[in-house]
Amino acid sequence: MKIVFVCLGNICRSPMAEGIMKQIEPDFTIDSAGTSDYHIGQSPDHRMIKTAQKHGIDLSSLKARQLTTDDFDQFDYIYVMDKNNYINVLSLAKTDNHKSKVRFMLENNEDVPDPYFGGEDGFVNVYKLLLDGCQRISNAFRKR
Ligand code: 4NP
């Protein structure tokens, strides 16, 4: 199974999802990317690295990149964090098969809130939401 998680900057939410999913499903191919080019080449936000560390996850070696159309061929599923990501990711899709790979991270198309401009508690909240989301995704794959 090959999964890429997507957010806006690829420095907060999607690297955290990548780290959690690698821990839950070590045999899957897991990656993350951003819809924007704002932070290409940068490490995850230090607040996200710190939150991850508390749960035994090391994000420090990850580097932000931007999602490309090629990713639709490389990955089986593309999980997005919010509705803006969804719109931006779909705009890169070239075929119906590409479009069918795009999913929301959370149930009921709920957003994983962008923690970038907020305080420390936003990062803890993101971790909790992503842990629930990754466990649900993993369970769904195991049932098939
Ligand atoms: P992310 O968070 O999409 O979860 O990586 C953000 C990071 C940077 C910005 C916005 C959100 N920014 O505007 O620079």
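In each ligand, atom 1 is the first atom listed, and ligand 1 is the first ligand listed.
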Checklist entry - With a cut-off of 4.0 Å, which atoms of ligand 1 are near a heavy atom of Cys12? => result 1 (P), 2 (O), 4 (O), 5 (O)
Checklist entry - Which residue supplies the protein heavy atom nearest to atom 1 (P) of ligand 1, what is that atom called, and how far is it? => result Cys7 SG, 3.5 Å
Item to check | ligand 1 contact by Met81, heavy-atom criterion under 4.0 angstrom | outcome: no
Next on the checklist: Has Asp58 got a side-chain atom pairing as donor or acceptor with Ser60's backbone, closer than 3.5 angstrom?
Outcome noted: yes
Checklist outcome for this item: Heavy-atom proximity to atom 2 (O) of ligand 1, picking from Asn85, Asn84, Asp114, points to Asp114
Next on the checklist: For atom 14 (O) of ligand 1, what's the nearest protein heavy-atom neighbour? Residue, atom name and distance, please.
Outcome noted: His39 NE2, 2.9 Å
Next on the checklist: With a 4.0 Å cut-off on N to O distance, would you call Asp31 and Arg65 a salt bridge?
Outcome noted: yes
Checklist entry - What do you reckon, are the aromatic ring centroids of Tyr79 and Phe104 less than 6.0 Å apart? => result no
Checklist entry - Does the ring centre of His39 sit less than 6.0 Å away from the ring centre of Tyr116? => result yes
Checklist entry - Is there any N or O on Leu8 that sits under 3.5 Å from an N or O of ligand 1? => result yes
Checklist entry - Can you tell which part of Asp45 has a heavy atom less than 4.0 Å from ligand 1: side chain, backbone, both or neither? => result neither
Item to check | Under-4.0 Å salt bridge between Asp76 and Lys101 | outcome: no
Next on the checklist: How far is atom 9 (C) of ligand 1 from the closest protein heavy atom, and which atom is that?
Outcome noted: Tyr116 CD2, 3.5 Å
Checklist entry - Which of the atoms in ligand 1, numbered in the order shown and given with their element, are less than 4.0 Å from a heavy-atom of Gly9? => result 1 (P), 3 (O), 5 (O)
Checklist entry - What do you reckon, are the aromatic ring centroids of Phe141 and Tyr77 less than 6.0 Å apart? => result yes
Item to check | Pairing of Glu25 and Arg142 as salt bridge, 4.0 angstrom limit | outcome: yes
Checklist entry - Based purely on interatomic distance, does Pro115 place a nitrogen or oxygen under 3.5 Å from a nitrogen or oxygen of ligand 1? => result no
Checklist entry - What atoms in ligand 1 come closer than 4.0 Å to a heavy atom of Phe117? => result 13 (O)
Checklist entry - Taking N or O atoms only and a 3.5 Å limit, does Ser14 qualify as a polar contact for ligand 1? => result no
Checklist entry - Does the Asp71 side chain pair with the main chain of Thr68, one donor and one acceptor, at a distance under 3.5 Å? => result yes
